[in-house]
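Remarks on the structure that follows.
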Amino acid sequence: MDWKQEAALMTNVYANSTLNLAAAAAPDGDTGCFSEEARKRTVGWKVSVRTDEESLDCVIWDCTIPNFSLELLNTSVLDSRAWVFQERFLAPRTLHFTKDQLLWECRATMACETFPDTFFDGAIPLAGMQPHGSYDATRLWGLVVTGYTRGHLTFSRDKLVAISGVARLFASENLGRYLAGMWEKDLVQQLAWHTYIGRMS
């Protein structure tokens, strides 16, 4: 079957899935979901803090290591692949088999073995960053491109194909024509991109 035609179908495969299983700890496709390495147990607490001395209202804080979810996911080989960005963005639910614990990600929340109910460490679940939600579509596209371009591709010719499914979601957001990774409505600002020191563009 033609590769471009097959790649285009991946949008529907992930967007219409019930649950995406991600072997985040696997160094390659031969390893599977379960890691045989010793698991590093991360300790976390839910702390209830009163909003002020006069009130009985409380705020719940999730206390653990800084950038907890990023530490679990961004250190994995799987999450360094550009194709995986699209899979995580499109799938409504993903269960990540990381090196240290299971991590649940859906459009509403994240949960893991340390925080089995739910947790918030400042990171927005990738599946929850949908353009027709409460996010400004132009700003959100910038976040999408930033996240996507951190990933690596085996073949550079896949650069636009590997994000095409996400672009299709944005097509109904009145951004104008899609022009090779940019939107006509905000084209000038998108052309004024930059890279961080030490990164190849």
Side-chain angles (χ1 to χ4, degrees), residues 10-11 13-51 57-135 139-153 162-163 165-166 169:
M10 298 314 291
T11 304
V13 169
Y14 287 101
N16 294 314
S17 67
T18 300
L19 175 65
N20 188 29
L21 299 177
D28 53 48
D30 297 325
T31 308
C33 290
F34 303 103
S35 173
E36 294 184 15
E37 286 184 43
R39 290 164 47 130
K40 180 178 72 181
R41 196 70 184 149
T42 304
V43 179
W45 301 268
K46 285 198 177 283
V47 179
S48 179
V49 180
R50 287 187 25 202
T51 53
D57 294 336
C58 290
V59 175
I60 306 292
W61 289 88
D62 297 323
C63 301
T64 188
I65 61 171
N67 303 314
F68 177 52
S69 60
L70 295 176
E71 194 68 31
L72 284 173
L73 291 174
N74 290 3
T75 55
S76 75
V77 174
L78 184 68
D79 212 56
S80 71
R81 297 179 180 141
W83 278 100
V84 172
F85 181 90
Q86 177 170 258
E87 294 166 12
R88 281 183 61 200
F89 194 97
L90 295 172
R93 294 163 211 88
T94 301
L95 183 60
H96 302 271
F97 291 78
T98 74
K99 182 168 60 77
D100 297 313
Q101 60 183 296
L102 295 175
L103 181 126
W104 170 267
E105 180 182 32
C106 67
R107 297 210 166 121
T109 192
M110 294 176 95
C112 61
E113 292 175 66
T114 302
F115 296 108
D117 295 329
T118 185
F119 75 91
F120 180 70
D121 65 352
I124 301 164
L126 202 51
M129 295 173 65
Q130 300 301 304
H132 34 269
S134 57
Y135 298 101
R139 185 171 176 276
L140 181 56
W141 182 254
L143 295 174
V144 164
V145 170
T146 300
Y148 171 70
T149 53
R150 285 189 184 121
H152 304 287
L153 288 164
I163 199 172
V166 178
L169 282 182

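Numbering starts at 1 and runs along the sequence shown.
- Taking the side chain as every heavy atom from C-beta outward, Trp104 and Leu19 approach each other to under 4.5 Å.
- Judged by distance alone, the side chain of Glu113 and the main-chain N or O of Leu102 form a donor-acceptor pair under 3.5 Å.
- When all heavy atoms are compared, the tightest approach of Pro92 to Ala15 is CD-O, 3.9 Å.
- Rounded to the nearest 0.5 Å, atoms CZ (Phe115) and CE (Met110) are 12.5 Å apart.
- In plain terms, the two heavy atoms of Ala25 and Thr98 that are nearest each other are CB-C, 3.7 Å.
- Here the straight-line distance linking atom CZ of Phe85 with atom OG1 of Thr146 works out to 9.0 Å at 0.5 Å rounding.
- Judged by distance alone, with hydrogens and angles left aside, the side-chain atoms of Gln101 form no donor-acceptor pair with the main-chain N or O of Cys112 at under 3.5 Å.
- In this structure, Val84 and Asp79 approach most closely via the heavy-atom pair CG1-OD1, 4.0 Å.
- In this structure the side chain of Phe89 reaches within 4.5 angstrom of the side chain of Leu169, judged on heavy atoms.
- Interatomic distance, Arg93 CZ to Glu105 CD, rounded to the nearest 0.5 Å: 12.5 Å.
- Each side chain to side chain donor-acceptor pair (under 3.5 Å) pair with one or both residues in residues 13-23, not counting sequence neighbours, appears once here: Tyr14-Glu87.
- Contact between Thr118 and Ala111 at its shortest, heavy atoms only, is CA-CB, 4.1 Å.
- From Thr149, atom OG1 reaches atom CD1 of Ile163 across 8.0 Å, with rounding to the nearest 0.5 Å.
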